[in-house]
Each structure stands twice: as C-alpha cells, then as structure tokens.
Amino acid sequence: MDWRCGGWRALPSRIQMSYDHERIEAKWQEVWEKHRTFNVTKDESRPKFYNLCMYPYPSGALHQGHVRNYTFGDLLTRYKTMQGYNVLSPMGWDSFGLPAENAAIQTGAHPKTNTEAQIETMKTQIKQLGSMYDWDRELASHDPDFYRWDQWLFLELYAHGLAYKAESLVNWCPRDQTVLANEQVVDGGCERCGTPVERRKLAQWYFKITDFADRLLESIDDLTEWPERVKTMQRNWIGRSEGALFTIDVDGGGSFDVFTTRPDTIFGMTFCVLAPEHPLVETLISGSETEDEARRYIAEAGRTSDVERMAEGGKTGVFTGAYAINPVNERRVPIYIADYVLMGYGTGAIMAVPGQDQRDWDFATKFGLDIIRTVEPPADFDGEAYLGEGKTINSEFLDRLDRDGAVRKTIEWLEEKGIGEGTVQYRVRDWLISRQRYWGSPIPMVDCDECGLVPVPRDQLPVLLPHVEDYAPKGRSPLAAVEEFVNTDCPECDGPARRETDTMDTFVDSSWYYFRFADPANDDAIFDPSQPAYWMPVDQYIGGIEHAVLHLLYARFITKFLYDRGLSTVEEPFARLFTQGMITLGGAKMSKSKGNVVDPVEQFRSHGADALRLYHLFMGPPTDDAVWNDAGIDGTRRFLERVWKLGTAEHEFSDRGPAERDAEIIGLAHRTVRKVTEDVEGFRFNTAVPALMILANELGDYVTGSPRREAFDEAFDRLLLLMAPMAPHIAHELWEVRGHGRLLAMEAWPTWDEDLAREETVTMIVQVNGKVRDRIDVSADISADEAERMALESEKIKAWLDGDQVQRVIARPPNLVNVVKG
RNA sequence: GCCGGAGUGGCGGAACUGGUAGACGCAGGGGACUUAAAAUCCUCUUCCCGCAAGGGAGUGCAGGUUCGAGUCCUGCCUCCGGCACCA
C-alpha cells in the first residue's frame, strides 16, 4: 500500500496544517527571540562553549557563503546547547574598511549611513535563516565604543615598543590609493582589487609582529585542532631560516653584513650582491667608472614592480667597481648590484656562491664570473648549481666535512673571529597598519614640532573620526584636509601640533574583536579580564580559508600580546578552527560581478530556511568547495515534506503486542542517533543528513503496516531531536504539534542504547577466490566455524568450487567468508 | 621549483581499523493516481554481453603487497590551493 496516500488520513481539523514554512519560520524566530534561549551570561555551573563565525563585512545582502557559514555555526550552537553547554554565540560587523567606503562612493551615501542601513538589512536576513545569536553582545567596528579600544590597543602596543613609525619601501595600491601590508599583496597585486602594487618609500606605522615570529611559529604545533593546510600556510608565511650573519669588508674601506643559510659554502663565494636600495650602494658607486650605468639601473629597479622584475626572466645587474674580501681566505671578489637580491629580506646583501645556488649560478654565467664547487656532487651529476648533500671540497679547514659539520665549524670560526654568528631569519615582516583612507579607526598619535610623536592620552580616547563629505581617495588620508581635526594641542607641551591622519587597517579590528564579545558593553576598559578568562579561548571558530594567513596570524599575534600584558589567560585565541569551502556556480565563486548569485532571501520564500540549511549541510563535505545545484534544494524540501506528513498525519496504530519490526525501527532510530552524533562531532554533516533521510523513509514504510504507537513515538521523537539543530523551525513546530510541552531547543540531545542499536542479522558475503559468489543472511553473533560451515554448504559456492580442492578459508564473521581454491 | 590536497556513475557525493564499490540526493526511463497536467507515490537506473538466468569489466594510468586493494607501497599523469629570485 502507498503509505503516503493511503496509510493515514488527514483529519478535517488539520487540513490547514500543510507544511507552511513561512508561517512556521516566522513563528519560531519570534519565539526564540522572546525566550532569549541564546542570550548567555557567565555560569560556572555549566561547561562553556564559545562558538564563533568570523564576523562579516556588512555588504547588505546575505549570500550563500554566509548561509553556509552560519548554518554550520548555528548547528553547533544548538547542538552544544542541547548537550548542556553554556554556549556563547555572538555576532558583529566588520564595518570599517575599503569595501564600505567604496560602496559609499558608488551610491553617493556617506559610509556611516550606508553601513548602518546595510547592517540592519543583513541582520534581518540572518534572523530569517533562523541562526541564533546573543544580540545583546552585538558590536560593530565603526562604532566609537568599539574603535576607541582599537586606539587603546594601539597605545598599549606603542607603550611597549611594538608600534612604531618608519620610512621604508612599501606596497602601494594605485587604485585604492593606499598602502598595503605584505599579507595583503597577492601575486604582486592588491588583495582586494587585483591592481598590481607599486613600491613607494613612505613613512608608515607598523606593529612589530616580527618580535613574535618564533612564538607564533612554535605554538602552531599546539594547534592540534586546526587544519594542517592552514598551519602549513602560516609556517611558510613566517618562513624561518637558520644560518649565519657575518660582516664582509670592502676593499678600501667600509663593510656590509650578509645572511646565508649555507655558511658551509663560504669558500665558494666568488662575488657579492647588494640590493639596489642597499644604503652602501651610494658610497660604492660614487666616482666609480660604472657610476652612470649603476644609477640608471637603480632608478629603473625603483620603477618596476616585483612582478615585472620576475617576469623579465634572466638576471640583471651592474658591477659597482668595488671589491669585497672573503674573510675565510682573503679572496678579493667583485661587488654587484642586482635586483634579485631584495632589500626587505635578511640584510639586503648576499655572498654569492654560484656552485651551490642556482640564482647565483645564473648570474655568474651571465656576467662571466668564477664558479667554485665546495660541495662534491655525485659522479653522475650533470646539473648546474648543486644543492644536495655531499662532502665539502676546495674549502681548506672545512674539507671532507658533511654539511652539518661544515655549517657548525664555519659559524664557530666566524664567532671566534668576532665577525659573525649563527642566527635565524624570518620571512615575515612587520605588519603595516596605517592606511590613507577615511573609513577606519584614526591612529591616536599627535605630531608636535617640539616633542615629536606623542601618543594621545588614554582619557582622551576615542579620537573620533570626523564627519567628512569628501572622502574620495586622493593618495593621502581625507582626514588631512579637515583643519579642525588635524590641528590640535600637544598633550605634552600644549603647543600647536598636528594629528596623525592615517587610519588603521581593519585587520586591527578583527585581531581582538572576539575578546570584546566576552564583555561588549564595558565603558571603562577594553574588557574586564575576568570575562574572557571564562569564555576564551573560542572553542570553535568557523570561516573562510582566505583568512588562513591574514586575520588568523594577526589575531594570534595580538592574543599573545594580550597574554603578555596579563589581559588574556590564553596564548592562542582559537582552539578549534574550521575552514569551509566556497560555493561555486558555473565554475566560479558566486559573486555579483560574475552574475552567478543565487539569492538566499528568495529561497527563504520559495523553499524555506530549513530546506536551504539542510541543502548546505547535505551538498558535500563542509571543507570542500561545493557546486550549487538549483535542483538540490528541491530534494531537501521534499524530505521535509515527508517528515511533516509523518508528524501531522493520523496514523492507524495497532494495539497488537511488540513484534520484530518494532524492534527494527527502534534499532534504526538508535543507530541514527549514534551516526548523527558521531558525524556532527566530526563535522561530517553531509553524511548526517542522509542518515536522517533513511530513518524518515523507513518510518514511512513502518506506518503503513500496522505500526505500534510506542515504537513510532520513540523513533520519530528521536528524529525530531536530531533535526533540531539542522532544520530547527520545522522540528520545533512538529515537537509542539505532537504535544511536547518544552521548547525543543531546551531538550537534551538524544542518547542511544547500544543493545537496541545492535543489528540482529547481517548479510554475510561469501567469496570464492576473492569474488563475491553468494550472500547469506546470518545472525550477527555467528562464530567463525559456523560462518565457514554455512559458506561451504551453500549450493552456489559448491557449484563454483566444482569439486576442486579448498586450500584455505578466511572467515571474518559476520561480514565475510572467502574460500580460496587451488 | 618547493610544500599541501584531490582524481569514484549523467551530476553532487557515500564506503568504519584493507572485507558487498556507488549510501543519500539530483537528473533520467517506465508505471500508478488524474479528464489532463502539476504534485505525490511505486519501480528501474556504473559500463559491456545476454530474452533471461547469469557472466565479465570497473574507483586517473602502470606495476606491486595481500586470500582480498577505492583504501597500503613504488613510479607516472592530471587538476586545485599555498609559497616562490627569501639568500
């Protein structure tokens, strides 16, 4: 019989009770908000769980990436709440920054007006998704109550020598008209707009993240619940290299320092190279015969971007006319200027060893310089520079040593002579945080002719961002044009002074906002340390992989700083990190500019938030990119319709005694609880949803054939409990319809009984020589001997054996028996 | 170049510590219901041979280990991501 049509009959009073998702979703969103289920305070009696999704930039329109993110996050909030945790799930807005400012420039509305309108729209949409937050803790980075503490943090870093202003070569985005941090340059272009960056020499503000490089690197090992991929990216970014730093004298006076990871090859140095921007260059070339050529080369190098330099292919450079003395053997070698040596790494100068370095080899062959091998390559080696292991040669006191031995001995020698030492270099640079843009937190510094740079006293915070009508980018901060902002009194001497007009990188905001969520309304301090002492670390952090280095590195740095200041009890902010994949359509990430956006708000109307949430959970492994398929959401909607009918139909229950099929459906329900619990713990939502579907489908069959009410109730209620974090609206409605008094969200997460979950019979497969030849239903606790006997008695197996000798029987009860014949 | 990750039906994807490859869903074929359509339901759906019973092949390619390999090992190919003239 067709259970969905004939196995039940709808009562007249329930005719209006079709699955009306719009009514149900609006109803429960209101209930949850009124009930304040997800508003929390410190509660030492329960274990805490801080669950956080990376706070969004308020674009004004929820997109599928947000939906995916918040669906995962909300699932966990609800799941952990049902498990009895005190769950902190806050939401806020990354509302400062270029996107907000650029959007405002396009619409003509002021960034503040625009941003605040967009926050309201997005908040409504997030609520429509049914995703629950403690809105009492809402914060927005453009709010003076928030950015005041950005400024406080800046001053705290400044006071401890970790914020400084310095002039150096920086990355400049000509389109956004501002400088960028190294982390914000991707493939030589601006992280936001892709425009190739230019190099400019400018005075800018930095946070001294390099002081924390070793700690940031070392504690990556403690992040056991972080994806390996992200940890690798951070390790690469920090880029630790062990080697030696030593001084090389210039023949005729002067000297420069070089860093090398291969001090063992020092006897192979046949020339030296300085970066074009190296401070010694000017001295070396003035008056030399190659002076004009060198000046042209330096000027050219200054104009071209890093991308262009590398695209050129081949090495370029100019002889300075000067010579250096190799300290180990007094050999006189030429000093070149070449742009393959970067001023920003190491000392901006190298000892060139073409025998063991391919870049130096390329340069040496192009300029006809000597090549000396100091590591013996294998006999069959036919390459150019040899980078492998080998015996040291042509190196006097290092000869015949292996690499490690030669490295150690060279460093000893340098240290004895007092000209060098073993050292460690990091690739990571200090974090450039000043921006020449309007929509950000003003840097709380004052420049006084008498006193120099003076920090704004903390009781004068916040330095309010003035209202400006003309905030279009001009290459310097729009604040510089606001006289009443710029002109101020020096906090030290009361004389006339000028305010710093650059604003802070928005990654400063996001580097500590998760602390503020623990104590969001504090007017007296960035937060009361007792609050994060309870809530931190974030137990689960969820967001996109694009922040693998940027935000996640900065946040780790600031947390370590706060830890050192005694403000944080944890040294790492995020205990468990989950990075979700993107949603693609037509082979590209969904974006407005590509015109491949599927608007979630439309789907709230057409399919409902629950169907959309389930589809996001179902569509594939949460970590992987997922291809959007319009028809996919039809499938999860159909599933919900079936559950709805199961929950609202009047089933014809039987008053017969318990039978095997009752035990089967209850067993399946218990197995489903086990499966879903394990899958949720392991972030395998894509396999948890099918488990629910199987249970619902089986329940559908069950109710058509004289079901017992007790068995149905036990199984179906478990289904609703399992669905509560995934499709919360429909689950709550059905829970109520079925007469349960308590709010489903407050019920305990279901448990399972292993005895009930155990399957009575299983299908044992019987193989002959590894090929499946028969299937036999057997008791789950069958013995190996019994399994073997049944297999050999099978008619099909006898036919396959065809009288041949049985060599061996492998029995793996209850699943498999393999009969091996000769 | 270096470091990660991944290749499974028409599609998204399942497959515990090596043990029924293709769960679940989508799409498609056939059927029921309907005046009809939609919706819903039933059923089939990896490929090849066969009327069928059944057989054979099959998880990027080539080998290997094993009673047995999507899973382990070796060597390739392809794709994706990160880093990259970092001394």
Side-chain angles (χ1 to χ4, degrees), chain A residues 1-7 186-188 227-237 239-241 243 258-262 265 273 275 306 309-310 312-316 338-342 344-353 356-360 362-363 387 425-429 545-546 548-549 581 614-615 618-621 623-636 638-639 641-642 645 675 678 684 686-694 697 700 762-775 807-812 815-821:
Chain A
M1 202 201 308
D2 167 14
W3 68 272
R4 280 130 186 132
C5 300
V186 178
D187 291 331
E228 213 44 57
R229 181 156 77 123
V230 174
K231 292 197 280 186
T232 304
M233 284 164 74
Q234 292 216 354
R235 284 194 190 99
N236 288 344
W237 189 265
R240 183 179 198 272
S241 300
V258 296
F259 173 73
T260 178
T261 54
R262 296 295 305 273
T265 64
V273 184
D306 286 352
R309 281 192 190 185
M310 289 196 289
E312 293 275 313
K315 297 276 180 287
T316 58
D339 65 7
Y340 82 92
V341 172
L342 310 173
Y345 184 78
T347 61
I350 61 160
M351 67 167 198
V353 185
Q356 275 76 232
D357 185 294
Q358 189 59 41
R359 296 155 302 184
D360 297 344
D362 293 343
F363 193 85
L387 283 73
Q425 280 288 330
Y426 295 94
R427 205 192 72 109
V428 65
R429 320 275 168 83
I545 186 72
E546 66 273 17
V549 173
L614 272 185
Y615 178 51
F618 180 66
M619 67 200 302
T623 40
D624 291 7
D625 288 351
V627 181
W628 183 265
N629 176 3
D630 273 328
I633 190 174
D634 294 340
T636 51
R638 281 197 277 263
F639 163 68
E641 301 264 9
R642 289 200 294 273
K645 282 183 187 170
K675 167 85 176 149
E678 287 168 359
R684 293 182 297 269
N686 58 316
T687 51
V689 176
L692 300 176
M693 289 175 167
I694 289 167
N697 290 346
V762 291
T763 303
M764 180 175 80
I765 65 155
V766 185
Q767 300 177 325
V768 175
N769 286 354
K771 287 191 192 290
V772 181
R773 296 306 183 189
D774 198 8
R775 295 174 163 83
Q807 281 195 341
R808 217 178 136 184
V809 178
I810 287 119
R812 292 281 179 277
N815 297 311
L816 172 134
V817 173
N818 187 10
V819 181
V820 185
K821 69 168 193 173

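- For the pair A:N769/A:V820, a side-chain contact is recorded, criterion being any heavy-atom separation below 4.5 Å from C-beta on.
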Any chance you could list the contact pattern along nucleotides 19-29 of chain B? Use B for base contacts, S for sugar-phosphate-only contacts and - for none, protein heavy atoms under 4.0 Å, 5' to 3'.
-> BB--BBSSS--
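- A cation-pi contact, defined as under 6.0 Å to the ring centre and within 45° of the axis, is absent between A:K315 and A:F363.
- Going from atom CZ of A:F639 over to atom P of B:rG12 covers 23 Å, rounded to whole Å.
- Remark: C1' of B:rC80 and CG of A:D625 are 9 Å apart, rounded to the nearest angstrom.
- Without hydrogens or angle criteria, A:D357 side chain to A:A352 main chain gives no donor-acceptor distance under 3.5 Å.
- Remark: P of B:rA87 and CZ of A:R240 are 12 Å apart, rounded to the nearest angstrom.
- Here, B:rU8 and B:rU46 have their C1' atoms 10 Å apart, quoted to the whole Å.
- For A:N769 and B:rA69, the CG to P distance is 12 Å, given to the nearest whole Å.
- With P as the reference atom, B:rC11 and B:rC16 are 22 Å apart, rounded to whole Å.
- Relative ring orientation between A:W628 and A:Y615 is described as perpendicular, the plane-to-plane angle rising above 60° on a 0-90° scale split at 30° and 60°.
- Taking atom CZ of A:F363 as the reference point, atom C1' of B:rA87 lies 14 Å away to the nearest angstrom.
- Atoms CG (A:D624) and C1' (B:rA6) sit 9 Å apart, rounded to a whole Å.
- Separating the CG atom of A:N236 from the P atom of B:rG82 is a distance of 12 Å, rounded to the nearest angstrom.
- Here B:rC72 sits opposite B:rG64 as a Watson-Crick or G-U wobble pair (both hydrogen-bonding atom distances under 3.5 Å).
- The separation of B:rA27 from B:rC76, taken at their P atoms, amounts to 43 Å, rounded to a whole angstrom.
- Using N1 to N3 plus N6-O4 or O6-N4 for Watson-Crick, or N1-O2 and O6-N3 for G-U wobble, each under 3.5 Å, B:rC24 pairs with B:rG12.
- In this structure, the side chains of A:D624 and A:N686 stay at 4.5 Å or more apart for every pair of heavy atoms.
- Rounded to whole Å, the P atom of B:rU17 lies 10 Å from the corresponding atom of B:rC72.
- A sub-4.0 Å separation between OP1 or OP2 of B:rA39 and a side-chain N or O of A:K645 is absent.
- Side chain of A:P621, nearest nucleotide from B:rA87, B:rG13, B:rG55: B:rG13.
- Comparing the C1' positions of B:rG68 and B:rA32 gives a spacing of 44 Å, expressed to the nearest Å.
- Of the two residues near RNA chain B, A:V627 and A:R262, the one whose nearest nucleotide lies more 5' is A:V627.
- Of the N and O atoms on the side chains of A:R812 and A:N818, not one donor lies less than 3.5 Å from an acceptor on the other residue.
- Under the 4.5 Å side-chain criterion, counting only non-hydrogen atoms from C-beta, A:L692 is not in contact with A:F618.
- Taking the syn range as angles within 90° of 0, the glycosidic angle of B:rG9 is syn.
- Between B:rU74 and B:rA6, the two P atoms lie 15 Å apart (nearest whole Å).
- Between A:N697 and A:R642, some side-chain heavy-atom pair lies under the 4.5 Å cut-off.
- Mapping A:G239 and A:R773 onto RNA chain B via the closest heavy atom, the residue that lands nearer the 5' end is A:R773.
- In this structure, A:D360 places its CG atom 14 Å from P of B:rC85, rounding to the nearest Å.
- Base pairing of B:rG81: its partner is B:rC3, meeting the Watson-Crick or G-U wobble criterion (both donor-acceptor distances under 3.5 Å).
- Contact annotation: A:R427 side-chain N/O to B:rA84 OP1/OP2 distance is under 4.0 Å.
- Set against B:rC85, B:rA87, B:rG82, the side chain of A:D357 has B:rA87 as its closest nucleotide.
- For the C1' atoms, the distance from B:rA84 to B:rG25 is 42 Å, rounded to whole Å.
- With sequence neighbours left out, the side chain to side chain donor-acceptor pair (under 3.5 Å) criterion links A:K675 to A:D679.
- Pairing for B:rC41 is with B:rG31, a Watson-Crick or G-U wobble pair whose two hydrogen-bonding atom distances lie under 3.5 Å.
- At B:rG4, none of the side-chain N or O atoms of A:R229 fall inside 4.0 Å of OP1 or OP2 (strictly under the cut-off).
- Only the C1' atoms considered, B:rG18 is 49 Å distant from B:rC33, to the nearest whole Å.
- Using the Watson-Crick or G-U wobble rule with both distances under 3.5 Å, B:rA53 pairs with nothing in any strand shown.
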